[in-house]
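Scroll down for the structure; my scribbles are underneath it.
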Amino acid sequence: MTVLRKDKIESRAYQEVIAASASDRNTLVVLPTGLGKTIIAVMVASIKYSEDSKILMLAPTKPLVEQHKKTFQEFLDVDEDQMQVMTGEIRPDKRYELWEEKNIFFATPQVVENDLISAEVPVEAFSLVIFDEAHRATGEYSYVFINEKMNTQNLALTASPGGSKEKIMEVSENLGIENFEVRTEDDPDVEPYIQEREVNWLNVELDDRFEEARNKMEASKRTQLKKLKKLGQLDSTSDVNKTDLLKLRGEISSKLSKKDDPQLYSAISRVATALKISQAIELLETQGVSQAYEYVQGLENDDSKAASRVLQDDDMQRAINLITYLKKEDVEHPKTEKVVDILDGLEDSQKALVFTEYRSSVEDITRKLEEEDFSAAEFVGQSGDTGMSQTEQIELLEEFSDGDHQVVVSTSIGEEGLDIPAVDYVIFYEPVPSSIRDIQRMGRTGRQESGEVFVLIAENTRDEGYYWSAHHKKKKMNKVLQELKEEGLEDTGQSTLEGYSSSKTTSKKEKNSEASTKSEKSGKDDEDKFDSSELTIYADDRENSVAKNLSRMDTVVKKQRLDVADFLVSDRTAVERKEAEDFVDSVLDSRLFEQVQSLQQFERPVIIVEGDDLYSHRDIHPNAIRGALATLAIDYGMPIIWSADEKETSKILEALAKREQEDKDREVSIRGEKSPKSDKQLQEFVVAGLPGVNTKIAERILNEFGSIQKVVNASEEELKSVEGIGDKKASTIRDLLTREY
């Protein structure tokens, strides 16, 4: 019996065909925005749902997660009590209970990733995982790890999978995709549902004062490029953009890792200077005076040589003086007036979204619109002092949908998944070079009614380059999608939901079963991997990437906030992990030696330095770094282990844990706090310092004996009465307590 409420769903043939095709295979669905990808997810979920299995739907933001839950509640005949939103606002211990109790989950990926690392998700109970905005499944994004750990069928949804076949296939590989369901706006089965969307490209001319300030900054940048050419790092100073400079910085860093050359240090500092100037130019050109002013003011608090060189350059100083004057005169970018002109065409019942890259631009545009009597509101992410909580984001979207605001001005947070049917205007304050983001932005209008898109382009600036970049990428992506669609039609037959048999098994599980059988037959293990099934490592909850690698190696990872160290591999061994750049920064700001002093409470502390950018990250003499290393080794007796990357760091941690927990038979425990918060915690802290005693055992000992003094006076036989203390441990404790200092 189906749980799909068919009477509430508008019958669209393409949705039924896609859902049927996706019901028994890992499928990537590519569908233009506004055509009901979430409804397809509901249809597939209705097929896979049973009281004995669980379903997980993932989305990048909490507002989108909440919207998905509402859609499922509307279209599935399932007890609402069985549907659960999982976000970071729910305590981990409560989430662990909910994973067991509920059946359909709507979650942000970071939360699921954390709970998978802690091995608290009953993965074997799931029959379907739905990845919304699936184009994010690249690199180290949480979707990739979740797919690795979940042994179930996948449904991936996106309007824009990537600008190249390589990018699309990366997403597909990371999500185990076997089947493609692609529709474009030209397909006959979706064409009747496509709303008209008019796109207007509007050129904005910069006035002479902007041009003068920009020209001075360009002259300042050329000075740095000439120095780089003289140092042999550039063949020409013409048409060197930010991307070129970033690439050059990487090349110089690579050279510095192999040889200690003063000219390379000078070159990388010049690159840093040119990059700072480039950023100031971009802000002035595309955003406005306020953004450029704030940036150059921030350089005064930057203690790097690159920032100092920017501020001392004569051309740059002239530009800064002019920007400061324009700021005092309250002159802003002409784009702001253009936004007002466009929105003057809005009728009272209509709504508009304005997208911009920078939060400060959001504030400026919103303020200008309010001055012009528009009902405008800001929509930004969570980070920073001016950020919006997830609850505030959801409330704003509801207010916008209800008509409380006519215009919402948003950063990129609003590009994905906003379910607002009647947005009539979308304004790009600047073009974006990404085809994915361009499609996402445009998809906010023309969802159920016709709409207009306005893209503002500052003439003769990098805006024009970004426009053409997105244009070519979209054109290339459409060609790739057409190829995938044709390949898919050749390889697979299409059926409808009515023709689907729920007895089919998921091919992903079959493949995993086959792989497992092959592994058992071969009897071979990964030569780089220990048998680490019993190893446990405590990881600070900010060390996510390494924790993921440890989880992949089947180490038990317990994530929580650690006051001291980044990892604990035993009761006596704490590990501080520092990327090379952070190591240098911590030497300069004195954090390093404060952290080292805290580590001294452990018997065997270790520092891992990761990466090869130790001598090229900052304008600091190599001898200063070598001096810090010498101090650590000689004055503090601190072992330093070098690691190439996060993967190697994970293997080192695994080796340390194996040495301590298996070879030395030591337990891992939480020990190491900057300042215990109560007498009880302090007592536990002291007793947990005894050999083989972790925090849990310390609590049992104190419950048994009542005070530290009675613990110290306890005999071996009395100590053995405590759970977790045997003959060997009791003997070791008594030996330490009675031994002469």
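In this text, all values refer to a predicted model and were calculated from it rather than measured experimentally.
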Kindly compute the distance separating [atom1] ([X]) from [atom2] ([Y]), expressed to the nearest 0.5 Å.
X      : Y      : atom1 : atom2 : answer
His405 : Thr366 : NE2   : OG1   : 10.5 Å
Ile130 : Gln153 : CD1   : CD    : 9.5 Å
Leu31  : Ile40  : CG    : CD1   : 5.0 Å
Gln73  : Ile104 : CD    : CD1   : 9.5 Å
Thr356 : Ile365 : OG1   : CD1   : 4.5 Å
Leu28  : Leu157 : CG    : CG    : 8.5 Å

Hey, does [Y] have a side-chain heavy atom less than 4.5 Å from the side chain of [X]?
X      : Y      : answer
Asn154 : Phe131 : yes
Phe105 : Ile55  : no
Asn544 : Ile117 : yes
Pro431 : Ile457 : yes
Phe400 : Leu353 : yes
Leu58  : Ile146 : yes
Ile342 : Ile427 : yes
Phe180 : Ser21  : no

Is it the case that the side chain of [X] and the backbone of [Y] share a donor-acceptor pair, with hydrogens and angles ignored and the cut-off at 3.5 Å?
X      : Y      : answer
Thr27  : Glu181 : no
Gln15  : Leu35  : yes
Asn200 : Val453 : yes
Ser172 : Ile168 : yes
Gln393 : Val380 : yes
Glu392 : Ser389 : yes
Lys54  : Lys102 : yes
Ser46  : Leu4   : no
Gln406 : Glu347 : yes
Ser118 : Glu120 : no

Quiz item: Do Glu452 and Asp424 pass the side chain to side chain contact (heavy atoms under 4.5 Å, CB included) test, and can you show the C-alpha distance, the side-chain angles, and the key distance before you say yes or no?
Solution: CA-CA 6 Å; Glu452 286 191 76; Asp424 305 279; over 6 Å; no

Between [X] and [Y], do the side chains contain an N or O donor and an N or O acceptor separated by less than 3.5 Å?
X      : Y      : answer
Glu113 : Gln110 : yes
Thr286 : Glu430 : no
Glu133 : Thr158 : no
Glu646 : Asn549 : no
Lys149 : Ser551 : yes
Asn174 : Thr138 : no

Practice problem: Before giving the answer on side chain to side chain donor-acceptor pair (under 3.5 Å), spell out for Ser375 and Asp404 the whole-Å C-alpha distance, their side-chain angles and the decisive distance to 0.1 Å. | Solution: CA-CA 8 Å; Ser375 174; Asp404 294 344; over 6 Å; no

Should we say atom [atom1] of [X] is surrounded by more than 12 heavy atoms from elsewhere, each under 6.0 Å from it?
X      : atom1 : result
Asp93  : CG    : yes
Glu101 : CD    : yes
Lys647 : NZ    : no

Exercise. Begin from the C-alpha positions of Phe379 and Val409 and carry the test side chain to side chain contact (heavy atoms under 4.5 Å, CB included) through to its verdict.
Key: CA-CA 6 Å; Phe379 187 61; Val409 186; over 6 Å; no

Self-check item: Any residue meeting side-chain contact (heavy atoms from CB on, under 4.5 Å) with Pro92, in chain and number order, not counting sequence neighbours
Solution: Arg95, Tyr96

Exercise. For Glu395, check side-chain contact (heavy atoms from CB on, under 4.5 Å) against everything at least two apart and list the hits.
Key: Thr391

Minimum heavy-atom separation for [X] to [Y], with atom names?
X      : Y      : result
Ala41  : Met57  : CB-CE, 4.1 Å
Ile47  : Ala19  : CD1-O, 4.5 Å
Leu343 : Ala352 : CD2-CB, 3.5 Å
Ser53  : Asn103 : O-ND2, 3.7 Å
Leu369 : Ala376 : CB-CB, 3.9 Å
Pro161 : Val30  : CD-CG1, 3.8 Å

Note: [X]-[Y] ion pair, threshold 4.0 Å (strictly below):
X      : Y      : result
Arg12  : Asp189 : no
Lys335 : Asp463 : yes
Glu74  : Arg5   : no

Quiz item: Pairs in or reaching into residues 57-72: which pass salt bridge (charged side-chain N to carboxylate O under 4.0 Å, His left out), with residues at least two apart or in two chains?
Solution: Lys62-Glu89, Lys70-Glu398

Exercise. Could you walk me through whether Met86 and Leu98 pass side chain to side chain contact (heavy atoms under 4.5 Å, CB included), step by step?
Key: CA-CA 9 Å; Met86 301 287 263; Leu98 292 170; 4.0 Å; yes

Practice problem: Verify side chain to side chain donor-acceptor pair (under 3.5 Å) between Lys48 and Ser23, making sure each step is shown before the conclusion. | Solution: CA-CA 8 Å; Lys48 306 299 293 185; Ser23 59; over 6 Å; no

Practice problem: Compute the centroid of each ring, for Phe454 and then for Phe428, and state whether the two points are separated by less than 6.0 Å. | Solution: no

Quiz item: Quick one: are the ring centres of Phe355 and Tyr429 less than 6.0 Å apart?
Solution: no

Practice problem: Determine, stepwise, if the pair Leu128 / Val44 fulfils side chain to side chain contact (heavy atoms under 4.5 Å, CB included). | Solution: CA-CA 9 Å; Leu128 178 68; Val44 177; 3.9 Å; yes

Practice problem: Please report the C-alpha distance between Asn151 and Glu124 in whole Å, then the side-chain angles of each, then the deciding distance to 0.1 Å, and finally whether the side chain to side chain donor-acceptor pair (under 3.5 Å) criterion is met. | Solution: CA-CA 7 Å; Asn151 180 27; Glu124 69 285 345; over 6 Å; no

